[in-house]
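Scroll down for the structure; my scribbles are underneath it.
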Amino acid sequence: DLAAARSAELAALATRLATLRAHLEPGPRAALDAFERELAAAVALLETGKREETRRSGAELVQHARALATELDAEDMRLVPVRSLPLLAALTPLEVGLAAGWLLVLSLPLLTRRLRPARALGVAALAGLLAGLAWSASVGAGRAFHSASFKDQLTRGEIEAERVLFAPIPYGFSEQHPEESLRPPTWLASSELDQRGAYLRGARVPRPDPVTGFVPETRPVDVRTGEPALNSPWRHVLGTDSTGRDLLARVLHGARASLAVGCLATVILMGIGLVVGSLAGYFGGKLDLVLSRLIEVVVSVPLFFLVLVAVAFLGPSMWNVIVVLGCVGWTGVARLARSECLRQRELEYVAAARALGFAWPRILFRHVLPNTLAPLLVAATFAVAGAILVESALSFLGYGVRVPIASWGALSSESRELAHWWLQLFPGLFLFATVLCVQCLGDALRAALDPRASLR
């Protein structure tokens, strides 16, 4: 709607002004500050609903912007060189925190030698939170554009750089080369192009019309600064999608979305499952009966169907998928927590704690739950794998992560023709490898945290 469009324009303008301020000397920066104050006054006037005054203020703001642009385009204007790191600027604090926490989860078998599983898991969560906060304070909140134009500006000479370090894959996940749409992997002979951008082999070679003899025109490929050559095997290793975006860059970026959905949904479902299962197992009786029937009601509905219906009502987005998966996928964890608490509450240390007069929250959360975490951590890793698979299926159907954000399921649905096999094969292979690694991690955690396995 109009309010959303205005909000998007203001956010884009704020990013452009912040970038411009970083390159200006103190003198021109003062003129930019005056323009920002006038912009803030116009926005405040817009919120009051006074149309005529808002229109008049907007017209004056446009004239001021044009005068400021003319002033900043002067030949004697000097810019301050600034070191820029677009690759790092695109990372959000959430992604950095998840990466730090995940690295510590991978090292849980080592941490549990010195700490209890509950404390080791708390250390991993705290380290992820601190890493995200530190990244937000030092770098920012991932305000980089989805498709940066710095390569075009370097190619045209609009940016003068002393030294540029490009990423191993020199493409953004939304950077488009329309003239290379649906190009096969460039290590294949069928991907070879001439200087006009026409294919030299395969079914897509331009052929003259049998009646008129007209040969379809092709667009030359724009090889920008920092990119491999036109027919280099490394230009598009996994090919491109329907709009000419590099598939390898999008597959790697899709890992961020898929792992974020898997980890965050698992945190939600683990929290719900632990609370419901531990209360049912510790207290038993009527509470156990009611909570067990609740678990059975949720289990009786097919998980994927329930998630699909919920996301269809809430709308497709990554955060909706996370919330829905967390709110409907907790039943397996609840059953496991219930069975573990039923077993633990009959042990002698629980009877000793009751004899000492400890309250039930202390017994349950300080003594019983920490002793049930080992099998629950294994269940959490399997839940991560399941959430990744469900998210990929939802994105494949168009109900999950939406463009421009990349997701393995959405990438597989770009084209369903056999001629474009790379769009289904490579995202599927990444999905298979990730789920397999998460399952192996669960097996390793089970072996490392099982005291009976260590005795053998």
Side-chain angles (χ1 to χ4, degrees), residues 101-102 104-130 263 266-296 298-299 326 329-384 386 438-456:
W102 186 252
L104 285 176
V105 168
L106 293 178
S107 61
L108 274 180
L110 298 177
L111 293 177
T112 51
R113 295 180 181 179
R114 297 180 177 272
L115 301 173
R116 291 182 177 180
R119 292 185 179 180
L121 193 63
V123 168
L126 181 61
L129 178 61
L130 293 178
C263 294
T266 300
V267 169
I268 296 175
L269 68 88
M270 285 292 293
I272 299 175
L274 278 175
V275 171
V276 174
S278 58
L279 291 177
Y282 182 79
F283 289 103
K286 294 183 179 180
L287 182 60
D288 182 22
L289 182 64
V290 171
L291 294 179
S292 297
R293 299 294 82 77
L294 174 63
I295 294 173
E296 291 174 0
V298 178
V299 170
W330 51 270
T331 54
V333 176
R335 282 180 163 181
L336 182 59
R338 174 182 174 274
S339 63
E340 288 293 320
C341 287
L342 283 173
R343 184 176 64 87
Q344 293 287 333
R345 73 174 186 176
E346 304 300 331
L347 298 181
E348 295 179 354
Y349 76 92
V350 176
R354 289 172 179 166
L356 290 173
F358 292 163
W360 70 265
R362 180 174 180 178
I363 299 175
L364 180 58
F365 295 106
R366 290 281 303 273
H367 300 283
V368 175
L369 275 183
N371 286 291
T372 63
L373 276 184
L376 291 174
L377 285 178
V378 178
T381 58
F382 295 140
V384 171
V438 173
Q439 299 279 14
C440 292
L441 173 64
D443 291 336
L445 284 177
R446 180 176 57 189
L449 301 177
D450 188 359
R452 291 170 294 181
S454 62
L455 289 176
R456 290 195 299 266

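Remark: I295 CD1 to W330 CH2 distance equals 5.0 Å, nearest 0.5 Å. Annotation: the span from M270 atom CE to L377 atom CG amounts to 6.5 Å, rounded to 0.5 Å. How far CD of E346 is from SG of C341: 11.5 Å, rounded to the nearest 0.5 Å. Taking OG1 of T381 as the reference point, atom CG of L376 lies at 11.0 Å (rounded to 0.5 Å).
Q344 approaches V350 most closely through the heavy-atom pair O-CG2, 3.2 Å. The minimum heavy-atom distance linking V333 with L274 is given by the pair CG1-N, 4.3 Å. Residues A353 and I363 approach most closely at CB-CG1, 4.0 Å, considering heavy atoms. In plain terms, the two heavy atoms of A383 and T266 that are nearest each other are C-OG1, 3.6 Å.
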Below 3.5 Å, can you tabulate the donor-acceptor pairs from side chains in residues 280-291 to any protein atom, sequence neighbours excluded?
from	atom 1	to	atom 2	distance (Å)
D288	OD1	S292	OG	2.9
D288	OD1	R338	NE	2.7
D288	OD2	R338	NH2	3.0

Worked verdict on Q439 versus F382 for side-chain contact (heavy atoms from CB on, under 4.5 Å): CA-CA 6 Å; Q439 299 279 14; F382 295 140; 2.6 Å; yes
Worked verdict on V368 versus S278 for side-chain contact (heavy atoms from CB on, under 4.5 Å): CA-CA 9 Å; V368 175; S278 58; over 6 Å; no
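A search for side chain to side chain donor-acceptor pair (under 3.5 Å) contacts involving E296 returns R293, not counting sequence neighbours.
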